[in-house]
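First the proteins, then the strands, lettered A, B, ... as listed; each starts at 1. All heavy atoms count here, side chains included; hydrogens, waters and symmetry mates do not.
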Amino acid sequence: MSLRLHSTLTGHDEPLVAGDDGVVGIYACGPTVYSRIHIGNARPFVVFSVLKRYLERRGMRARLVINVTDVNDKIYDAARAEGIPSTRLAERCTRQYIDDTNLLGLGRPDAEPLVTGCMDDIVALIGNLVDRDLAYAVGGDVYFRVRAFPAYGCLSGRHLDDMPDDDPGERKEDSLDFALWKGLKDGEDAWWDSPWGPGRPGWHIECSAMAERELGMGFAVHGGGIDLAFPHHENEIAQSEGAHGAPFARIWMHNEMLELAEGKMSKSIGNIALLVDVVGRWGPDTVIAYFMQSHYRSRLPFSDDRLGEAEAACRRIRNAVRGLDRAVGSAGDEADPALTAAMIDARTRFVDCMDDDFGTPGAMAAVFDLVRAINQALERGSPPRGQVLEVRLGLVGLLDMLGLAGLAVPGAGDEVPEDIRDLVRRREEARGARDFAGADALRAEITARGFELRDGADGPEVVAAT
RNA sequence: GGCGACCUGGCGAAGUGGGAACGCAUCGGUCUGCAAAACCGACAUGAGUGGGUUCGACUCCCACGGUCGCCUCCA
């Protein structure tokens, strides 16, 4: 069974196949760096990072490329508003983007090209298109001649005849044509030389150039938010396939948008929640679980309630791991066959779901079924140490494929300070003396300090309140 | 106006032409000095509405209603 992914290009699930070098090349459009990224921007980062992770855990080789757009009108505007050079703003925001996404603990992409670092590739690609008469220079700008590329519209299902036929303005031959190179204008403080004069690349050409440079033509997966399908990805196809006469990307994988009560989250609307704030408040595991519990092609409501549910779900998994860790010490000697069966069943269902268009919700469901089986087994008796360790390893293996292995790691919050331990001891003494009023006062004190007391059969347990 | 998606229990959310996963919440139980936490169990005779195809549809087709996205910057 191989992994299949839904492609926007065909409207169907397509088999994922590695390139000739055995590597699955994945390119995802990254952020434009003019402010901190919001939680919506994080969705493709999480989706494609976890996709790569899953492929590698399944023994495939994958190369993930997520670019950084560090030249753009919005960067000029934001820098002007701040009164600093646009290059400085872009550098600062790029660093923040790296810092913020690092908080997720999903690792870095294999390559994160900057537009400013690929100017030669971009100029060469534009030159190629001009040579082929697919582009024309006029007054310092260069435009792509859309009607000269017959397949235009193949990705978004649009037909040229349906497109609005506006006034093309003074420079463009046709209103549909889009800019490959924008000549330097007043107020722009960063520019590059080109055969057509000083200026900067258009928004779409950069991704064509960077994807080809990092992955070659005909790579496996090109991704990004569904809102980029048109015109951005449509234009990328026109540029790259126009220049080479060869397929650009085989599967176009688009994630849906985050949704708020007021509509989708967008910098333009201003209803944003910054990734750094969301992760800071809920922690990386909750944020990743929040994404993984819905399918990447579904719109996903964003709210405190949703994150709160994800947190509760994470807690359920953490508790099962804690249960296993406790069971290692009190192990019996009779293996629990139902537990082993549940382990195998969960792994099979997990992989089936993941292979079917990256079905992370079904994969999560498989994890929860295993969690219940673990809890039931531990309630029934004490499985032997070997089985406990095997199941723990299996569970962590599944979590790791989703980027959630952190749920099995005792967090820093689990380290209980000595003064708290002392309060617990004093409460136990009070309880032993049947001084329940004193015991309850001490419990309130522990709670007030941000810890949660859990009385169990083996005595009290203290964990950091979440 | 053009293109497209979606409508599943209180909420979120999957899969599937023939038993409607999973999570949250709720309720019942176990545990406890009492709680909390944790765990266990229960929880949609039904999938926006109306037709059609089929032995049989939530799952396919059509219509209607509703929600939303793209068509301009957007993950």
Side-chain angles (χ1 to χ4, degrees), chain A residues 8 11 28-32 34 37-48 66 72-74 77 153 156-159 161-164 166 203 223-232 234 254-259 263-269 272 275 289-290 292-301 303 305-320 322-323 349 352-353 356 359-369 371-372 374-376 378-380 430-432 434-437 439-440 443-444 446-447 452-457 460-463 465:
Chain A
T8 310
C29 290
T32 299
Y34 62 96
I37 68 164
H38 59 67
I39 184 72
N41 295 306
R43 191 175 196 186
F45 186 91
V46 171
V47 165
F48 292 101
I66 302 182
N72 177 285
D73 282 335
K74 291 192 171 182
D77 294 344
S156 52
R158 282 155 218 260
H159 299 284
D161 302 332
D162 293 335
M163 307 238 188
D166 301 335
W203 175 39
I226 187 64
D227 53 344
L228 298 182
F230 188 91
H232 184 55
E234 194 74 68
H254 290 112
N255 63 273
E256 256 294 351
M257 304 287 100
L258 252 50
E259 214 170 44
K264 77 168 188 176
M265 186 180 296
S266 160
K267 289 182 188 176
S268 317
I269 299 174
I272 57 173
L275 176 63
Y290 159 72
M292 293 295 107
Q293 280 207 99
S294 88
H295 188 90
Y296 74 94
R297 285 196 292 123
S298 295
R299 294 202 188 103
L300 177 58
S303 66
D305 284 351
R306 294 282 82 78
L307 270 295
E309 284 180 13
E311 183 174 66
C314 285
R315 196 157 50 223
R316 183 168 167 77
I317 296 172
R318 278 202 183 92
N319 278 317
R322 276 203 193 101
R349 275 219 298 134
D352 284 351
C353 288
D356 182 8
T360 58
M364 289 290 283
V367 168
F368 284 113
D369 282 342
V371 163
R372 181 185 299 107
I374 289 169
N375 290 331
Q376 287 171 337
L378 296 181
E379 183 137 306
R380 273 197 298 272
R431 290 178 74 202
R434 301 198 68 78
D435 171 17
F436 296 125
D440 288 349
R443 180 167 67 196
I446 291 165
T447 303
E452 188 181 290
L453 197 57
R454 301 179 179 180
D455 289 333
E461 186 185 6
V462 192
V463 297

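The distance between atom CG of A:D227 and atom C1' of B:C71, rounded to the nearest whole Å, is 13 Å. Following rounding to the nearest Å, A:D455 (CG) and B:G33 (P) show an atom-to-atom distance of 9 Å. Atom pair A:M292:CE and B:A13:P shows a separation of 15 Å (rounding to whole Å applied). The separation between A:E311 atom CD and B:G23 atom C1' is 14 Å, rounded to whole Å. For the pair A:Q376 CD and B:A38 P, the interatomic distance rounds to 17 Å; values are reported in whole Å. Across the protein-nucleic acid pair, A:D305 atom CG and B:G10 atom C1' stand 12 Å apart, rounded to whole Å. Going from atom CZ of A:R158 over to atom P of B:C70 covers 11 Å, rounded to whole Å. Rounded to whole Å, atom C1' of B:U32 lies 7 Å from atom CZ of A:R431.
Using a 4.0 Å heavy-atom criterion, one finds that A:N255 contacts the bases of the nucleic acid, with or without backbone contacts as well. A:E256 comes within 4.0 angstrom of a nucleotide base, judged by non-hydrogen atoms across all strands. Using a 4.0 Å heavy-atom criterion, one finds that A:L453 contacts the bases of the nucleic acid, with or without backbone contacts as well. Within 4.0 Å (heavy atoms only), A:F368 reaches sugar-phosphate atoms of the nucleic acid but no base atom.
Closest contact between the side chain of A:R454 and the listed nucleotides B:C40, B:A38, B:A14 involves B:A38. In the set B:G15, B:G33, B:C39, B:G15 carries the atom at the smallest distance from any side-chain atom of A:H295. Here B:A21 is the nucleotide among B:C70, B:A21, B:A14 with the atom lying nearest to any side-chain atom of A:D369. Picking from B:C73, B:C34, B:A75 the nucleotide with the shortest atom distance to the side chain of A:K74 gives B:C73. The side chain of A:A365 approaches B:C22 more closely than any other nucleotide in the set B:C22, B:A35, B:A37. Which of B:G12, B:A37, B:G33 sits closest to the side chain of A:P301 comes down to B:G12. Side-chain proximity of A:N375 to the nucleotides B:C39, B:A14, B:G23 is greatest for B:C39. Each of B:A35, B:A75, B:C70 was ranked by its minimum atom distance to the side chain of A:M257; first place goes to B:A75. Listed nucleotides: B:A75, B:A38, B:C70. Nearest to the side chain of A:F230: B:C70. Each of B:C71, B:G33, B:C39 was ranked by its minimum atom distance to the side chain of A:D440; first place goes to B:G33.
For B:C6, the OP1/OP2 oxygens have no side-chain nitrogen or oxygen of A:R297 closer than 4.0 Å. Residue A:R299 places no side-chain N or O under 4.0 Å from the OP1 or OP2 atom of B:C7. For B:G41, the OP1/OP2 oxygens have a side-chain nitrogen or oxygen of A:R372 closer than 4.0 Å. In terms of phosphate contacts, A:Q293 brings no side-chain nitrogen or oxygen within less than 4.0 Å of OP1 or OP2 of B:C24.
Partners of A:D77 under the salt bridge (Lys or Arg N to Asp or Glu O under 4.0 Å) rule, at least two apart in sequence or in another chain, are A:R80. Under the ring pair (Phe, Tyr, Trp, His ring centres under 6.0 Å) criterion, A:H232 pairs with A:W203, A:H204, sequence neighbours left out.
A gap of 15 Å separates the P atoms of B:C11 and B:A44, to the nearest Å. The gap from the C1' atom of B:A37 to that of B:U49 amounts to 45 Å, rounded to the nearest Å. Comparing the C1' positions of B:C43 and B:G23 gives an interatomic distance of 14 Å, to the nearest angstrom. Going from the P atom of B:G46 to that of B:G9 covers 13 Å, rounded to whole Å. B:C55 and B:A63 are spaced 24 Å apart, taking the P atom of each and rounding to whole Å. Comparing the same atom, C1', in B:C40 and in B:G66 gives a spacing of 41 Å after rounding to whole Å. Between B:G10 and B:A47, the distance separating the two C1' atoms is 16 Å to the nearest Å. Comparing the same atom, C1', in B:A57 and in B:G18 gives a spacing of 9 Å after rounding to whole Å.
Going from atom CZ of A:R443 over to atom CG of A:D455 covers 7.0 Å, rounded to the nearest 0.5 Å. Atom CG of A:N255 and atom CZ of A:R299 lie 12.0 Å apart (nearest 0.5 Å). The CE atom of A:M364 sits 4.5 Å away from atom CD of A:Q293, with the distance rounded to the nearest 0.5 Å. Here the CG atom belonging to A:D435 is positioned 9.0 Å from the CG atom belonging to A:D440, to the nearest 0.5 angstrom.
No N or O donor and acceptor, one from the side chain of A:R443 and one from the base of B:A36, sit under 3.5 Å apart. Judged by distance alone with a 3.5 Å cut-off, no donor-acceptor contact links the side chain of A:E309 to the base of B:G12. Donor-acceptor pairing under 3.5 Å, judged by distance alone, is absent between the side chain of A:R315 and the base of B:C24.
Side chain of A:S303 to backbone of A:R306: a donor-acceptor contact under 3.5 angstrom is found.
Side-chain atoms of A:S294 and A:R43 include a donor-acceptor pair closer than 3.5 Å. Residues A:N319 and A:R322 bring a donor and an acceptor atom of their side chains to less than 3.5 Å of each other.
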I would like to know whether A:D352 and A:R349 meet salt bridge (charged side-chain N to carboxylate O under 4.0 Å, His left out); could you show each step before the answer? CA-CA 5 Å; A:D352 284 351; A:R349 275 219 298 134; over 6 Å; no
If you apply the rule side chain to side chain contact (heavy atoms under 4.5 Å, CB included), what do you find for A:F436 with A:R434, and how did you get there? CA-CA 5 Å; A:F436 296 125; A:R434 301 198 68 78; 3.7 Å; yes
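Of the two residues near RNA chain B, A:P361 and A:R43, the one whose nearest nucleotide lies more 5' is A:P361. Heavy-atom distances to RNA chain B give each of A:S298 and A:N72 a nearest nucleotide, and the one nearer the 5′ end belongs to A:S298.
A stem is defined here as three or more consecutive Watson-Crick or G-U pairs, each with both distances under 3.5 Å; for RNA chain B these stems are B:1-7 with B:65-71, B:10-12 with B:22-24, B:26-30 with B:38-42, B:48-52 with B:60-64.
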